[in-house]
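This report concerns only the one structure given below.
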Amino acid sequence: MNVVCIKWGQKYGAEYVNNVDYMVRKHSTVPTNFICITEDTTGIKDSITIKELPNLNLKIWWNKLYIFKPGALPEGPTLYLDLDVVIHRNIDEILTYGEDDEFVGCRDFGQPKMWFNSSVMRFNPKSHSHIWDRFDADRGEALKLHGDQNFITKVMKGKPGTITFPDEWIWSYKWGAVRGERFKKGNIAATSKIAVFHGIPNPPTVKDKENWIKENWKCD
């Protein structure tokens, strides 16, 4: 089972990559190969598999679509994770959810009926390279959308072989666990597994970090 993250630019340092790798190992029993796609390997642990991120002439989050480019990743079931996540419970169910060739999305936190959130996705590079192919065939049209997750939604939502993770597994630290109710924070649900820190704050900058963050967002 592959677990992949992508790091570009200066927004996130190597500690984010190392921490996500740590949390995956801490909270799973499924054998995994942790892969980081990046143009800068400085500070990333030697145990992490590195794939080079070429210059795609893309701005900000659009680089994420490279994970779907043919040949970018090994074939087989793959879990993608953004770097600004905190895994706080066992994710075996997330790693194994769906069939090997299905695309598993995460419903958006603010507009769950409309979009996927691309912070957590399960896919197979062999089966879903058409996402990159479609993007690359008409970048101009794709880039009219707000971001990568809007494009992924456009290509995959409602298509055969596309399913979504249960909402309660993946939640927004900024907005809480209830989809569609922004800024209505609440306690961590008993079934939640991954907190997504989209926007501000990021895990290491949470003031007086809550215990569950301190216990999980740290390198070994």
Side-chain angles (χ1 to χ4, degrees), residues 1-30 32 34-38 40 42-45 47-48 60-61 64 79-97 104-110 112 116-122 147-149 164-220:
M1 177 79 197
N2 297 312
V3 178
V4 63
C5 67
I6 184 166
K7 173 186 175 298
W8 67 89
Q10 302 301 312
K11 183 176 181 180
Y12 299 115
E15 69 273 17
Y16 281 81
V17 178
N18 296 338
N19 271 292
V20 174
D21 170 63
Y22 166 79
M23 290 184 289
V24 168
R25 289 184 288 106
K26 178 180 179 180
H27 292 293
S28 67
T29 63
V30 177
T32 58
F34 193 87
I35 301 170
C36 177
I37 301 174
T38 184
D40 182 7
T42 305
I44 297 176
K45 293 187 302 183
S47 59
I48 294 173
I60 329 175
W61 48 74
K64 189 186 297 187
L79 180 70
Y80 170 83
L81 295 170
D82 269 358
L83 292 176
D84 57 349
V85 302
V86 172
I87 303 170
H88 54 90
R89 289 199 180 97
N90 183 278
I91 60 168
D92 286 356
E93 289 181 299
I94 290 177
L95 288 163
T96 59
Y97 194 74
V104 189
C106 170
R107 293 207 310 152
D108 188 57
F109 306 116
F116 289 151
N117 180 280
S118 62
S119 299
V120 182
M121 299 180 284
R122 190 179 186 275
D148 64 279
Q149 64 186 32
T164 56
F165 291 113
D167 285 350
E168 61 268 23
W169 288 357
I170 303 159
W171 63 289
S172 162
Y173 178 79
K174 184 167 65 174
W175 294 340
V178 180
R179 293 297 198 280
E181 295 188 20
R182 296 187 181 191
F183 313 112
K184 194 173 182 179
K185 291 185 67 173
N187 295 327
I188 304 173
T191 52
S192 61
K193 305 171 186 294
I194 299 177
V196 177
F197 285 72
H198 53 101
I200 297 173
N202 287 315
T205 62
V206 174
K207 186 177 180 179
D208 299 324
K209 287 196 285 291
E210 299 169 43
N211 286 337
W212 63 272
I213 299 176
K214 290 190 291 187
E215 290 170 359
N216 294 295
W217 205 91
K218 60 182 181 181
C219 300
D220 57 351

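Computed from heavy atoms alone, side chains included, the values below leave out hydrogens, waters and symmetry copies.
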Backbone N or O of [Y] within a donor-acceptor pair of the [X] side chain at under 3.5 Å?
X: Asn18; Y: Gly43; value: yes
X: Trp8; Y: Ile60; value: yes
X: Arg179; Y: Arg107; value: yes
X: Asn216; Y: Val86; value: no

Next on the checklist: If only side-chain N and O atoms count, and only distance matters, is there a donor-acceptor pair under 3.5 Å linking Asn117 with His198?
Outcome noted: no
Are the side chains of [Y] and [X] in contact, using a 4.5 Å heavy-atom criterion?
X: Tyr97; Y: Pro166; answer: yes
X: Tyr16; Y: Pro204; answer: yes
X: Asn19; Y: Lys218; answer: yes
X: Leu95; Y: Val3; answer: yes
X: Val24; Y: Leu79; answer: no
X: Tyr80; Y: Ser118; answer: no
X: Phe165; Y: Arg122; answer: yes
X: Val206; Y: Trp217; answer: no

Show the nearest heavy-atom pair for residues [X] and [Y], with the distance to one decimal.
X: Cys36; Y: Ile44; value: SG-CD1, 4.0 Å
X: Asp40; Y: Thr42; value: OD1-OG1, 2.7 Å
X: Met23; Y: Ile87; value: SD-N, 3.4 Å
X: Pro201; Y: Tyr173; value: CG-CE2, 3.9 Å
X: Gly147; Y: Trp61; value: CA-NE1, 2.9 Å

Next on the checklist: Using the rule given for side chain to side chain contact (heavy atoms under 4.5 Å, CB included), can you reason through Phe34 versus Cys5, listing the C-alpha separation, both sets of side-chain angles and the distance that settles it, and then say yes or no?
Outcome noted: CA-CA 8 Å; Phe34 193 87; Cys5 67; 3.9 Å; yes
Next on the checklist: Angle between ring planes, Phe197 versus Trp212, binned at 30° and 60°: parallel, tilted or perpendicular?
Outcome noted: tilted
Item to check | Stepwise side chain to side chain contact (heavy atoms under 4.5 Å, CB included) check, Val4 with Leu81 | outcome: CA-CA 6 Å; Val4 63; Leu81 295 170; over 6 Å; no
Checklist entry - Per the side chain to side chain donor-acceptor pair (under 3.5 Å) rule, which among Glu93, His88, His27, Glu168 passes with Lys193? => result Glu93
Next on the checklist: The test is side chain to side chain contact (heavy atoms under 4.5 Å, CB included); show your working for Ile48 and Val17 and say whether it passes.
Outcome noted: CA-CA 9 Å; Ile48 294 173; Val17 178; 3.8 Å; yes
Which value, rounded to the nearest 0.5 Å, describes the distance between [X] atom [atom1] and [Y] atom [atom2]?
X: Leu83; Y: Asn202; atom1: CG; atom2: CG; result: 10.0 Å
X: Asp92; Y: Thr32; atom1: CG; atom2: OG1; result: 10.0 Å
X: Asp21; Y: Lys45; atom1: CG; atom2: NZ; result: 4.0 Å
X: Ile91; Y: Thr96; atom1: CD1; atom2: OG1; result: 10.0 Å
X: Thr164; Y: Trp169; atom1: OG1; atom2: CH2; result: 10.5 Å

Item to check | Worked verdict on Ile170 versus Ser119 for side chain to side chain contact (heavy atoms under 4.5 Å, CB included) | outcome: CA-CA 9 Å; Ile170 303 159; Ser119 299; 6.0 Å; no
